[in-house]
Amino acid sequence: MKNSEIAKVFSDIADLLELKGENVFKVRAYQKVVRSIEHLPVEIEQMVKEGRSLREIPGVGDAIEKKIIELVTTGKLPVYEELKTEFPKGITTLLEVPGIGPKTARLLSTELDIGSIEELEAAIVGGQVARLYRMGDKTAENILHQIQALRRKDQRIPLGEAMAVVDEITARLKDVPGLRNLIAAGSVRRFRETIGDIDMMGTADDAGKVIHAFTSLPQVTEVIASGGTKASVIVAGGLQVDLRIVEHEAFGSLLQYFTGSKEHNIVIRERGRRQGLSLSEYGITDLKTGWLEKYASEEAFYGRLGLQYIPPEIREGGAEIDMAAQGRLPGLVEMGDIKGDLHVHTSASDGRDTLEAMARAAKEHGYEYVVITDHSKALGMAHGLDTERVKQQKAEIEGLNRKIGGIRILSGMEVDIRADGSLDMPDEVLAGLDVVVASVHSGLTEGEEKMMRRITRAIENPNVDIYAHPTCRLLPGREPAAVNMEALFQTALRTGSALEINASPSRLDLKDVHIYRARELGVKLVMSTDAHSTEHFGFIRFGVGIARRGWCEAKDILNSKPLDEFLSSLKKGGV
DNA sequence: GCCGTTTTCGGCCCGACTGTTTTCAGTCG
């Protein structure tokens with residue numbers, strides 16, 4: 001039984017206990033265990049087999065350990081089965097509707113015998129819901145509204161799209177008098193690859209004025225909530241944006257609170273509690289004296305708790321907090337560490353801008369080197385290069401290196417990996433290039449065995465330095481190909497090949513958890529934008545963001561090294 | 001149900017907004 005399945009059972013138990021009106025702390029204990037299991041790096045089934053104690057999992061005590069073992073070994077949990085019989089089947093689905101919590105779900109179930117969203121909808125339309133105690137026309141209408149929103153709800157949107165909305169809102173609000181520190185917090189600041197909603201925050205002399213300006217933005221299609229210090233709206237496209245405003249002196253604690261993650265904040269607050277401190281978005285209250293201390297910076301806020309500053313990208317409520325307490329957090333990679341882009345297209349294949357324009361843009365970006373990697377000829381659609389055009393481009397690059405100066409332009413290619421794992425360019429041509437990037441663009445639905453044979457053969461080729469966008473997924477929509485990541489990492493280690501962190505917001509591939517694992521194993525990593533136009537060089541910020549989520553330091557990324565050192569760290573140069 | 005640099009018992013993260021009340025319960029993030 002997988003961890004995710006175990007977590008689901010305990011999450012259901014927590015819901016059912018809550019519906020039953022059980023002690024809220026007992027419910028919370030179950031919820032805490034669910035979070036622990038979801039973040040566990042090892043399979044519980046394995047631990048049970050090896051006879052390891054489950055008590056080392058945070059939140060697991062005597063009672064829950066017994067339940068987990070019973071569930072894993074027998075596949076069943078009588079307590080759970082019993083609980084389920086106490087309520088109509090499907091009642092927990094009511095909890096999926098925003099605005100319906102355990103109390104309301106229970107009320108609906110006992111008073112109106114509702115056990116599904118369809119039945120609920122009918123009861124609202126029929127007027128029965130509005131007549132319930134402490135309900136009313138407005139509440140019923142809101143629930144109906146939420147049900148409809150749930151039906152047409154889009155999946156989480158890619159980080160890149162969310163960032164565009166943030167930039168637009170920021171531009172429109174920046175002139176509101178007295179507003180300072182406007183910034184996107186939440187999952188945008190933590191660089192999660194997809195975003196559920198956008199959390200913005202700022203400080204102001206007059207919060208009301210900012211809230212008013214915010215809810216009046218032209219892109220706002222609906223105001224969900226609006227109070228003195230916070231508001232929630234829906235913008236065009238159906239995305240929810242929350243804004244919260246506090247006084248200037250409390251910016252640090254607000255930013256910390258609003259950045260999350262929720263799990264991180266819960267652990268931080270529990271920690272504060274043990275130190276006799278109560279944490280909130282307004283600051284830290286000493287529980288003995290009742291005195292509230294405000295924090296203008298996050299550094300000071302974490303410092304008060306005896307913690308190193310924790311970068312937003314790794315605030316997940318896991319190992320980061322203990323590491324920060326011991327002062328052992330790594331210095332994560334930063335934008336300025338990246339010395340060159342290694343995956344760049346020009347108008348010679350499917351890029352928009354010329355080789356010269358791309359080279360100059362890379363120089364303006366502050367890079368020491370850039371590798372030009374147009375497609376090979378198999379990609380007819382992309383106007384891929386054949387042997388002859390590769391030769392021409394090499395000559396063009398030599399000319400540009402004399403002409404531009406201040407940046408070293410390297411010759412390269414994104415060579416296509418064919419269905420049988422052979423490369424779409426003769427070895428002698430590849431051997432003459434500075435850097436060779438290989439990737440898959442077709443046959444993405446192959447089964448794992450065939451896909452792995454294909455990839456393995458390609459990266460075993462001594463000319464291939466980098467294997468690009470390893471899983472070929474696209475955000476949103478295209479699922480990753482059937483790549484066995486652990487096997488890929490081993491092959492990369494064995495052959496000395498580097499894996500790409502593709503920074504394009506529609507790829508982000510490798511993704512954060514893969515990066516974390518690859519780094520742990522010592523696999524060589526590079527970071528590239530896959531730029532198809534000059535402005536795409538800016539994508540590097542997304543790459544840095546997810547690399548930080550994978551706990552990468554500069555030393556873990558080959559193209560953070562100066563040119564000579566970088567070249568000799570590649571497969572061709574290194575062996 | 002879990003847990004301990006105050007505690008093996010008595011706590012458990014914190015505050016805002018809404019709708020329905022007439023002081024607050026429920027929900028959310």
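Sequence lines set the chain letters: A, B, ... in the order given, protein chains first and strands last, and positions in each chain run from 1. No experiment lies behind these values; they were computed from the predicted model shown.
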[atom1] of [X] versus [atom2] of [N]: gap in Å, rounded?
{"X": "A:Ile57", "N": "B:dC3", "atom1": "CD1", "atom2": "C1'", "value": "16 Å"}
{"X": "A:Ile100", "N": "B:dG19", "atom1": "CD1", "atom2": "C1'", "value": "15 Å"}
{"X": "A:Lys138", "N": "B:dA25", "atom1": "NZ", "atom2": "P", "value": "22 Å"}
{"X": "A:Arg106", "N": "B:dA25", "atom1": "CZ", "atom2": "P", "value": "16 Å"}
{"X": "A:Asp242", "N": "B:dT27", "atom1": "CG", "atom2": "P", "value": "19 Å"}
{"X": "A:Met135", "N": "B:dA25", "atom1": "CE", "atom2": "P", "value": "17 Å"}
{"X": "A:Lys288", "N": "B:dT5", "atom1": "NZ", "atom2": "C1'", "value": "12 Å"}
{"X": "A:Leu107", "N": "B:dT20", "atom1": "CG", "atom2": "P", "value": "13 Å"}

Counting the atoms with a prime plus P, OP1 and OP2 as sugar-phosphate, which does [X] contact under 4.0 Å by heavy atoms, base, sugar-phosphate, or nothing?
{"X": "A:Lys67", "result": "sugar-phosphate"}
{"X": "A:Val97", "result": "sugar-phosphate"}
{"X": "A:Ser232", "result": "nothing"}
{"X": "A:Asp62", "result": "sugar-phosphate"}
{"X": "A:Val267", "result": "nothing"}
{"X": "A:Ile268", "result": "nothing"}

Considering only atom [atom1], compute the distance from [N] to [M] and round it to an integer number of Å.
{"N": "B:dG15", "M": "B:dG10", "atom1": "C1'", "answer": "24 Å"}
{"N": "B:dA16", "M": "B:dG11", "atom1": "C1'", "answer": "25 Å"}
{"N": "B:dT23", "M": "B:dC17", "atom1": "C1'", "answer": "16 Å"}
{"N": "B:dT5", "M": "B:dG1", "atom1": "P", "answer": "23 Å"}
{"N": "B:dC2", "M": "B:dT6", "atom1": "P", "answer": "23 Å"}
{"N": "B:dT22", "M": "B:dC12", "atom1": "C1'", "answer": "32 Å"}
{"N": "B:dT21", "M": "B:dG26", "atom1": "C1'", "answer": "13 Å"}
{"N": "B:dT8", "M": "B:dC3", "atom1": "C1'", "answer": "9 Å"}

Considering residues, nucleotides and ligands other than A:Asp286, do more than 12 of their heavy atoms fall under 6.0 Å from its CG?
yes
Under a 4.0 Å N-O cut-off, is there an ion pair linking A:Glu247 with A:Lys294?
yes
Is the closest basic N to carboxylate O distance between A:Glu270 and A:Arg273 below 4.0 Å?
no
Within 45° of the ring axis of A:Tyr516 and under 6.0 Å from its six-membered ring centre, is that where the NZ or CZ of A:Arg519 lies?
yes
Scan every strand shown for a Watson-Crick or G-U wobble partner of B:dT8, both distances under 3.5 Å, and answer none if you come up empty.
none
Search all heavy atoms of A:Gly59 against all heavy atoms of A:Val33 and return the closest pair with its distance.
O-CG2, 3.0 Å
Comparing nearest nucleotides in DNA chain B, the 5'-proximal residue of the pair A:Val33, A:Gly276 is A:Val33
Between A:Ile266 and A:Thr139, just flag the one whose closest nucleotide in DNA chain B comes earlier from the 5' side.
A:Ile266
Residue-phosphate contact under 4.0 Å: A:Thr104 side-chain N/O, B:dT27 OP1/OP2:
yes
Polar atom pairs (N or O), protein with nucleotides 14-17 of chain B, under 3.5 Å:
residue	atom	partner	partner atom	Å
B:dC14	OP1	A:Arg273	NE	3.2
B:dC14	OP1	A:Arg273	NH2	3.2
B:dC14	OP1	A:Ser278	OG	2.7
B:dC14	OP2	A:Arg273	NE	3.4
B:dC14	OP2	A:Arg273	NH2	3.1
B:dC14	O4'	A:Arg269	NH1	2.8
B:dA16	OP1	A:Tyr282	OH	2.7
B:dC17	OP1	A:Gly228	N	3.3
B:dC17	OP1	A:Thr229	N	3.4
B:dC17	OP1	A:Lys230	N	3.4

Among [options], the one nearest [X] by side-chain distance:
{"X": "A:Asn142", "options": "B:dT18, B:dC13, B:dC2", "answer": "B:dT18"}
{"X": "A:Arg134", "options": "B:dA25, B:dG1, B:dT27", "answer": "B:dA25"}
{"X": "A:Phe25", "options": "B:dC12, B:dA25, B:dG4", "answer": "B:dC12"}
{"X": "A:Asp199", "options": "B:dG1, B:dG29, B:dC24", "answer": "B:dG29"}

Student check: side-chain heavy atoms of A:Leu159 and A:Ile546 closer than 4.5 Å:
no
Do A:Val188 and A:Met163 come within less than 4.5 Å of each other through their side chains, counting heavy atoms only?
yes
Quick one: side chain to side chain contact (heavy atoms under 4.5 Å, CB included) partners of A:His212, sequence neighbours excluded?
A:Ser216
Identified salt bridge (charged side-chain N to carboxylate O under 4.0 Å, His left out) partner of A:Arg190 from the options A:Glu313, A:Glu320, A:Glu316, A:Glu263:
A:Glu316
